[in-house]
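The structure appears right after this line, and notes come after that.
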Protein chains: 2
Amino acid sequence: MASHGARSRSGGRPTLEEVAARAGVGRGTVSRVINGSPRVSDATRAAVEAAVAELGYVPNTAARALAANRTDAIALVVPEPETRFFAEPYFSDMLKGVGAEISDTEMQLLLIFAGSDRERRRLAQYLAAHRVDGVLLVSVHADDPLPDLLSQLEIPAVISGPRSAGETLPSVDSDNYGGGRSAVEHLLAGGRRAIAHITGRLDVYGAQRRVDGYRDALLDAGHEVDERLIEPGDFTEEGGRRAMTKLLARRPDLDAVFAGSDVMAAGARQVLREEGRSIPSDVALIGYDDSAIARHMDPPLTSVRQPIEEMGRRMIDLLLSEIADRRPAVSRGLERRQVVLATELVHRTSS
Amino acid sequence: MASHGARSRSGGRPTLEEVAARAGVGRGTVSRVINGSPRVSDATRAAVEAAVAELGYVPNTAARALAANRTDAIALVVPEPETRFFAEPYFSDMLKGVGAEISDTEMQLLLIFAGSDRERRRLAQYLAAHRVDGVLLVSVHADDPLPDLLSQLEIPAVISGPRSAGETLPSVDSDNYGGGRSAVEHLLAGGRRAIAHITGRLDVYGAQRRVDGYRDALLDAGHEVDERLIEPGDFTEEGGRRAMTKLLARRPDLDAVFAGSDVMAAGARQVLREEGRSIPSDVALIGYDDSAIARHMDPPLTSVRQPIEEMGRRMIDLLLSEIADRRPAVSRGLERRQVVLATELVHRTSS
DNA sequence: AGGTACCGTGGGAGCGCTCCCATCGGTGAT
DNA sequence: ATCACCGATGGGAGCGCTCCCACGGTACCT
C-alpha cells in the first residue's frame with residue numbers, strides 16, 4: 001500500500017484533494033472553481049484560488065481525460081509527406097491561423113503527417129484510440145478514405161477544401177469560383193480576348209471551381225469558350241511548362257494566360273519567354289495563391305490571393321463548435337457548416 | 001448508476017475487461033499481452049490476441065497514462081516563432097530525422113513553438129502538467145531559462161546544441177570545431193593565405209567553436225591569426241554584407257572568406273561582386289550549413305555540411321534512453337551523454 | 001515422499017479527476 | 001410559523017488501466 005502510494009506521488013504534484021483540504025472545502029468545489037463553474041460563491045472561489053496558487057496546483061490531464069472522456073487536443077492532419085508541408089507556404093500560413101486561434105483556448109494542437117502508407121496506418125490507430133477531440137483535415141484528395149474513417153469513428157472534423165459540391169463534412173474554403181472569375185474579368189477589362197487557362201489537378205474540387213469561374217466570366221461577358229484554350233496542369237512548374245507549350249501550339253494568337261497556381265504560372269512564364277513573348281505586352285499572365293513566387297517573379301505576377309490564415313482560424317472555430325455540439329443530442333443537421341471566404345486579386349505588372 | 005455507465009460507454013469502445021472476458025482470462029493477463037510481457041504462455045497470448053482482433057480493442061490512452069504515470073508523448077520545442085521554423089531548412093531536416101526515428105516507437109511527437117512570451121508561459125504550464133515524458137530542445141540560446149525549468153521539473157530533455165562547454169543536459173551536436181577547421185584547411189591547401197572569417201552570433205556556442213576551429217587550423221599550419229580578419233556577423237544576409245564590407249576595408253588584400261553560415265556567405269558574395277572581386281579567382285568563399293542557398297548560389301558555394309537529420313535521430317535515441325533510465329534509481333552520472341557528429345566539407349566552385 | 005522454486009495467472013487497490021446526487025441552510029410565499 | 005424551493009456544497013462512484021500480491025500447479029531437488 002505504501003509502496004503503491006509512493007509510486008505515483010513521484011514529483012510530488014499536488015492533487016485536487018490536497019487543494020481542497022488546504023482551502024477547507026470539498027473536492028467537488030475545487031473542481032468547480034478549476035473549471036469555471038458559476039455555481040460557487042465568491043468567497044469560496046477566492047479561497048480555492050489562493051490554495052491553488054500556494055500549492056502550485058496543475059490539473060492532471062490524464063485523470064481529467066479519463067473521467068471526462070475528452071482529451072482537450074485536436075489534430076491538424078496533413079495527408080502529405082513532411083517535405084511538401086515545408087515547401088508550400090499554404091501550410092505554414094494555415095498553421096499560423098490555426099495556431100493563433102487555438103491559443104485562445106485550452107486546446108492543444110497536434111501536427112500529424114500522413115504521407116506514407118505506414119504513417120496512415122499509424123494515424124488510423126491513433127484516431128481509433130480517440131486521442132484527439134477533433135480533427136482538421138487539409139489538402140484532402142477526392143478519393144481519400146480518411147473523412148469516412150473519421151465519421152465512422154464519430155470524431156468531429158473540419159475539412160479545408162470540400163471534396164465535392166456535396167461535401168458532407170463541415171468545411172472552410174476560399175471562393176475558387178469567384179477567384180477564377182475575377183482573374184478573367186480583369187483580363188477582359190484589360191482588353192484581352194484570347195484568354196487561356198492552365199488548370200490545377202482536376203480531381204481537386206477547388207481547381208474545378210476555378211475553371212467554372214473562368215468559363216462563366218467569359219460567357220457572361222458574351223464571349224465563347226474555346227476548349228483549345230483550356231489545358232490541364234498538375235500544380236507543378238513542369239506541368240505549367242507543358243501546358244503552356246501545348247496552348248501556344250494550339251492557339252499561337254493567345255494574349256493572356258490564367259494559371260491555376262503561381263507555380264504553374266512560373267512554368268508558363270519560362271516557356272513564354274523562350275518563345276519570345278514578352279509579359280505583359282504580348283501575353284498577360286495571372287497566377288493563383290499570391291505566394292512568394294508571385295512577388296519575386298520577373299515581372300511580378302498578378303495573382304489571386306486566398307485568405308489562408310483566416311481559413312485556418314475559421315476552421316478552428318467550426319471545429320470547436322462541432323465538438324461543443326456533441327454533448328446535447330440536439331438535431332442541427334440543417335445548420336450551415338460550409339464556410340466560403342472571399343478571394344482578392346492582387347494586381348502586379350504581369351497583367 | 002446506469003446513466004453513469006452510459007456516459008462513458010459512448011462510442012462503445014471495448015475495454016480490457018471485455019477483452020479478458022472474451023478470451024476467458026483475467027484482466028492482468030490481457031494487460032501483459034498488450035504490453036508485450038514475456039510472462040504469458042503462447043496459447044494464452046494467442047487467445048488474447050484473437051479477442052483483441054475480434055473486438056477491435058484499442059487501449060485507452062488516458063487510463064493508461066493515469067495508471068502508469070506516463071504519457072507516451074514527447075515534445076519537440078522550438079523556441080522561435082513559426083516563421084523562422086518554416087524559413088530555415090535546419091528545422092525541417094531535424095524534424096525529418098526525429099520523425100523517422102520516433103516512428104519506430106509507440107511515442108507520439110508534439111511540435112511546440114515558443115517564440116512569444118505568451119507561448120512560453122503556455123509551454124511552462126504545459127510542462128508543469130507533465131503532459132510529455134520528455135523534451136527535445138532545439139536552437140536554444142545561452143541565457144534561455146527553459147533548460148533549468150526542465151531539470152527542475154525533472155523532465156528528461158535533450159538539447160540540440162550545447163549552450164556551453166559545460167553543458168549539463170544531454171546533447172547532440174555537430175562538430176563545429178572540426179567544421180571550421182576543415183574549411184580553413186581546405187583554403188590553405190588551395191594556396192590562400194589571407195583568410196577572413198565572418199562569425200555567427202557569438203552567444204551561440206557552436207559559432208564560437210567554429211571560430212576556434214578557424215584559429216587552430218591557421219596556427220597549426222604555422223600561420224598567424226590576424227584579428228582584423230575576424231568579424232562577427234549575426235547569421236543574417238545583411239550581417240554578412242556589413243561584415244564583408246568591414247573586412248575589405250581593413251584587409252583589401254584578403255583572398256578567402258570563411259562565413260559562419262550560407263546566408264551570411266550570400267551577403268558577403270554580394271559585396272564582393274559589387275567591389276569587383278570575382279569568386280573564386282580573386283577571393284575564395286566558403287559557407288556553412290550546405291543549405292539550398294549554397295547549391296543555388298552563383299557560383300555554387302562550397303559549404304560545411306552538418307548531418308542534421310542524423311542529429312535528429314540521435315536526439316530521439318538519447319531522449320528515449322533518458323526516459324527509460326528514470327525508472328530504476330541506478331546512478332549513472334558519469335555516462336557519456338554528449339554526442340558529437342562529424343561534419344563534411346562539400347566542395348563546389350566558390351573555392 | 002516432502003520440500004522448494006518458479007511460472008503463469010487472477011484480481012484487488014489505486015491513479016486523480018468529473019459527474020451527479022444528497023444535504024444543508026436560507027429565502028420568499030402562504 | 002410552515003413549506004416549497006433554490007443556490008452552494010460535500011463526497012460517493014466510477015472512468016479503464018497498471019502494478020503487485022497471492023495462488024495453484026508443475027518441475028526439480030533432497
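Below, each value reflects all heavy atoms present in this structure, side chains not excepted, and no hydrogens, waters or symmetry copies. The sequence lines fix the lettering, A, B, ..., with proteins before strands; numbering per chain opens at 1.
Between B/Gly26 and B/Ala63, it is B/Gly26 whose nearest contact on DNA chain C lies nearer the 5' terminus.
Rounding to whole angstrom units, CZ of residue A/Arg27 and P of C/dC15 are separated by 12 Å. Per the geometry, CD belonging to A/Glu17 stands 12 Å off P belonging to D/dG10, to the nearest Å.
Classification of the B/Phe85-B/Phe113 ring pair by plane angle, with boundaries at 30° and 60°, yields perpendicular.
Side-chain atoms of B/Thr44 lie closest to C/dG8 of the nucleotides C/dG11, D/dA8, C/dG8. Nearest nucleotide to the A/Leu16 side chain, out of D/dG11, C/dC19, C/dC17: C/dC17. Listed nucleotides: C/dT18, C/dC15, D/dT9. Nearest to the side chain of A/Ser41: D/dT9. Out of C/dC17, C/dT9, D/dG16, the shortest distance to the side chain of B/Thr15 is found at D/dG16. Here the side chain of A/Tyr57 is nearest to one of D/dT18, C/dC17, C/dG8, namely C/dC17. For A/Asn60, counting side-chain heavy atoms from C-beta on, the closest listed nucleotide (D/dT18, C/dG16, C/dT18) is C/dG16. Distance from the side chain of A/Ala67 is smallest to D/dG14 among D/dG14, D/dT18, D/dC17. Closest to the side chain of A/Thr29, from the set D/dG10, D/dT18, C/dC17, is D/dG10.
The existence of a salt bridge linking B/Glu18 and B/Arg22 is excluded, since no basic side-chain nitrogen approaches an acidic carboxylate oxygen closer than 4.0 Å. B/Arg313 has no carboxylate O lying under 4.0 Å from a charged side-chain N of B/Asp104, or vice versa, which leaves the two without a salt bridge.
Phosphate proximity of D/dT18 to B/Ser31: present, with a side-chain N or O under 4.0 Å from OP1 or OP2. Taking side-chain N and O atoms only, A/Asn69 has no distance below 4.0 Å to OP1 or OP2 of C/dT18.
For a distance-only test at 3.5 Å, the side chain of B/Arg13 fails to qualify as a donor-acceptor partner of the base of D/dG16.
Atoms CG and CG, from B/Leu136 and B/Leu110 in turn, are 11.0 Å apart once rounded to the nearest 0.5 Å.
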